[in-house]
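Reviewing the structure listed below.
Treat the numbers as computed from the prediction; the structure is a model and nothing was measured. The sequence lines fix the lettering, A, B, ..., with proteins before strands; numbering per chain opens at 1.
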2 protein chains.
Amino acid sequence: MEEGLIRRSEVAKLAGVSEATVSRVLNGVGPIKEETRDRVLEAARQLNYVPSALAQRFARSRSGNLGVILPLLPKVNLFSTFYFSEILSGIGVTAKEHGYDLLLLFRKPEEPRDYANLFKSQKVDGCIILGAQNVPGERAALKELQEGNYPFCLVNQRFDGESYNTIDADQRMGSHEAARSLIRQGYRRILFLNGPAVYSNSVDRLKGYHQALEEAGLPITPSMVLVGNYSRTSGYQHAEAIAGMIRGGLADAVIAANDRMAIGLLQGLKERGLRAGEDVAIIGCDDSDGAKLTDPPLSSIVVPFYQIGCEAASKLLGAVAADPQDKKLQPVIQVKLPVRLVERASSSVIST
Amino acid sequence: MEEGLIRRSEVAKLAGVSEATVSRVLNGVGPIKEETRDRVLEAARQLNYVPSALAQRFARSRSGNLGVILPLLPKVNLFSTFYFSEILSGIGVTAKEHGYDLLLLFRKPEEPRDYANLFKSQKVDGCIILGAQNVPGERAALKELQEGNYPFCLVNQRFDGESYNTIDADQRMGSHEAARSLIRQGYRRILFLNGPAVYSNSVDRLKGYHQALEEAGLPITPSMVLVGNYSRTSGYQHAEAIAGMIRGGLADAVIAANDRMAIGLLQGLKERGLRAGEDVAIIGCDDSDGAKLTDPPLSSIVVPFYQIGCEAASKLLGAVAADPQDKKLQPVIQVKLPVRLVERASSSVIST
DNA sequence: TTGAAAGCGCTAACAC
DNA sequence: GTGTTAGCGCTTTCAA
């Protein structure tokens with residue numbers, strides 16, 4: 001009961017078989033006589049034997065780990081904490097179902113993106129990349145992964161012209177829907193408060209907005225698109241200019257590319273005497289916890305983060321399990337999960 | 001430049017030395033002639049060699065992983081997502097500084113707590129346990145860790161009578177402070193909306209509350225302490241009874257054991273025409289993101305989650321690094337980090 | 001159906 | 001200072 005570490009040899013001895021047989025029984029491979037199997041299992045149970053995953057993985061040359069790379073962010077996250085925990089839970093549950101462990105890899109902003117080293121050092125068998133940006137360093141790192149034929153999957157970020165596995169939300173659909181809803185309600189001067197263009201999500205959201213305005217025959221001027229950095233503060237800072245536009249009759253609604261900016265904006269406008277849902281319509285994106293707490297509650301785009309995590313892990317681990325020689329033949333996976341608008345008082349007279 | 005996997009033997013060959021020497025150079029152990037070292041490093045660089053962490057760890061019998069065990073929770077988390085990401089970031093940064101990788105281990109509520117197996121299978125060298133509960137299964141699992149002499153650290157949970165490493169916030173201090181502040185402002189009938197007693201935090205918070213009331217000579221009756229489950233819904237559900245007490249002159253303030261319940265309560269009371277900060281004072285705990293968003297903003301106890309994560313990881317990894325024979329002599333670490341009250345409009349006339 | 005034995009890639013005595 | 005060698009605990013041919 002209380003041994004230091006039980007090795008397989010002891011199990012073999014107790015069961016009166018060879019180590020190889022113990023291995024077969026425990027891994028369920030090859031033909032085994034019923035009685036032998038029982039004897040081995042009983043011996044293992046009796047000795048309270050737990051195989052060394054370290055040795056197994058070494059012998060198999062597989063780490064058994066699914067890596068999740070994510071930027072380490074200071075207080076003002078790119079991610080809402082909501083995003084973070086939802087997506088991670090999805091990945092975690094799915095990895096576990098596939099028998100993989102989750103290796104969390106924080107990357108400091110100033111650190112190089114040496115993703116390929118994770119594979120070379122055999123720390124992971126596949127990896128999911130969160131928060132990737134369209135910048136040279138990132139593109140080079142991803143290219144290296146692809147050339148090394150290392151399985152990876154991007155989440156919420158695509159790269160035009162590259163065929164990387166990607167699980168994304170249909171952001172374009174989201175802001176299209178948001179804009180259409182506003183237009184349907186009679187709003188005509190709809191601003192768009194976007195995030196940095198290094199995130200393809202920002203680009204996609206803008207497209208949906210453009211499309212909806214065009215379809216409605218509404219004019220779009222450069223001054224209608226503002227850019228923040230996805231933080232609450234940046235939404236707050238835009239309040240002054242936007243308040244001016246509202247008062248000047250140049251704006252009657254704002255779609256923000258995430259909830260954090262929307263919430264900051266909403267607060268900033270409130271301080272200037274402008275109330276969301278009355279003086280101006282506001283719609284955010286993410287449907288984070290905070291959206292339900294603001295006054296008035298914030299309309300938002302519901303993004304299935306948990307499901308995105310599940311999809312990313314499951315698709316990736318499917319590819320990892322494939323035979324090495326098949327790897328190059330793996331189809332590229334590019335998923336866009338649907339989103340939906342949830343309307344609350346910030347963008348309509350119907351309170352929620 | 002583009003090899004499959006480069007092994008150390010190739011580096012040795014190219015540098016014209018033995019594998020052992022390569023090892024010494026790369027690990028910086030033993031005396032090495034300057035010139036040899038340069039040759040080895042150059043060869044490694046040229047071949048783009050990255051050692052196999054898998055093999056290293058196997059050879060050293062050390063996984064190089066710090067495990068973080070956390071309950072996998074459905075929508076209504078025990079943890080706020082805020083808690084989750086703050087603490088995890090703290091752990092992650094610290095682990096990285098110590099050269100450890102982070103293994104995230106989600107535990108489904110119905111699964112057994114076989115923490116010791118993580119060590120037996122050599123998946124981790126130490127582990128941090130989040131969301132531990134004072135229930136028999138947990139106590140048994142922890143006892144087994146202790147008896148096996150496996151390094152672990154609890155976060156935000158202590159067990160009376162056991163000397164486990166624990167990093168906690170001083171919850172008692174927090175609710176003591178909250179109650180004192182209310183009393184100072186003239187509140188006299190202060191309710192306490194607590195969470196389940198399986199969390200020592202709940203017990204500690206209650207103590208601080210009791211202490212403050214006693215010090216002020218205020219009576220405490222059983223009806224003044226209510227119990228929820230830390231979810232927003234449970235706070236909301238208590239609103240009806242609490243509204244009755246407020247109207248009946250039996251209550252004029254409520255301290256909730258976390259922000260989620262406080263926010264639910266605040267909403268429930270609002271629907272019944274009772275406004276926090278005017279008809280009743282409310283103070284939460286955690287100072288989560290949501291606290292700043294409610295109307296009125298919620299007073300709360302600031303808990304240094306990030307720092308808790310850092311402390312837990314750093315203390316634990318210190319113990320892990322210790323010589324095996326010293327392990328039993330390691331002092332037990334029990335840290336209680338201070339918290340502080342931040343007062344907002346929900347508990348005072350001074351708006352924030 | 002089972003056993004023997006050759007690794008997996010690296011570390012760490014020990015010898016020179 | 002550097003090379004030789006025996007493992008680390010398990011998987012997996014190959015024979016029997």
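We find that CZ of B/Arg60 is positioned 16 Å from P of D/dG9, with the value rounded to whole Å. Summarising the geometry, the separation between CG on B/Asp38 and P on D/dG1 is reported as 14 Å, rounded to the nearest angstrom. With rounding to whole Å, B/Asn27 atom CG is found 10 Å from C/dC10 atom P. Straight-line distance from the CZ atom of A/Arg62 to the P atom of D/dG9: 23 Å, rounded to whole Å. D/dC10 atom C1' lies 19 Å from atom NZ of B/Lys120, rounded to whole Å. Taking atom CZ of residue B/Arg39 and atom C1' of nucleotide D/dG1, one finds them 12 Å apart after rounding to whole Å. The CG-P distance, from A/Leu54 to D/dT11, rounds to 12 Å in whole Å. In this structure, CG of B/Leu26 is placed 13 Å from C1' of C/dG9, rounded to the nearest angstrom.
A salt bridge between A/Arg7 and A/Glu10 is absent, with no side-chain N of the basic residue lying under 4.0 Å from a carboxylate O of the acidic one. With respect to A/Asp101 and A/Arg57, a salt bridge is recorded, a charged nitrogen being found less than 4.0 Å from a carboxylate O.
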*asked:* Run B/Lys315 and B/Glu311 through salt bridge (Lys or Arg N to Asp or Glu O under 4.0 Å) and show every step you take.
replied: CA-CA 6 Å; B/Lys315 295 285 195 294; B/Glu311 289 280 324; 2.9 Å; yes

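Residue B/Gln56 has a polar side-chain atom (N or O) positioned under 4.0 Å from OP1 or OP2 of C/dT11. Taking side-chain N and O atoms only, A/Thr21 has a distance below 4.0 Å to OP1 or OP2 of C/dG3.
A/Ser121 contributes no side-chain N or O that, together with a main-chain N or O of B/Ala53, makes up a donor-acceptor pair within less than 3.5 Å.
Nearest to the side-chain atoms of A/Ser18 among the listed nucleotides C/dA4, D/dT12, C/dG7 stands C/dA4. Residue B/Tyr49 has its side chain nearest to C/dC10 when only C/dG7, D/dG3, C/dC10 are considered. In this structure, the nucleotide among C/dC8, D/dC8, D/dC10 sitting nearest to the side chain of B/Phe58 is D/dC8. Listed nucleotides C/dC10, C/dT2, D/dG1 differ in distance to A/Thr36; the shortest reach to its side chain belongs to C/dT2.
Across all strands, A/Arg8 comes closer than 4.0 Å to base atoms (heavy-atom distances). Within 4.0 Å (heavy atoms only), A/Ser9 reaches no atom of the nucleic acid at all. B/Val17 comes within 4.0 angstrom of the backbone, heavy atoms only, and of no base.
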Please produce a list of atom pairs where a protein N or O lies less than 3.5 Å from an N or O of nucleotides 13-16 of chain D.
none

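Taking the side chain as every heavy atom from C-beta outward, A/Tyr115 and A/Glu144 never approach each other to under 4.5 Å. Looking at heavy atoms from C-beta onward, A/Leu145 lies in side-chain contact with A/Ile129 at the 4.5 angstrom threshold.
The side-chain hydrogen bond (donor to acceptor under 3.5 Å, both in side chains) test with B/Glu138 is passed by exactly one of B/Arg113, B/Lys143, B/Gln157, B/Gln133: B/Arg113.
For the pair B/Pro31 and A/Arg7, both in contact range of DNA chain D, the more 5′-proximal nearest nucleotide belongs to B/Pro31. The residue among B/Glu19 and A/Ala53 whose nearest nucleotide of DNA chain D is located toward the 5' end is B/Glu19.
One distance of note links CG of B/Asn65 with CG of B/Asp125; it measures 7.0 Å at 0.5 Å rounding.
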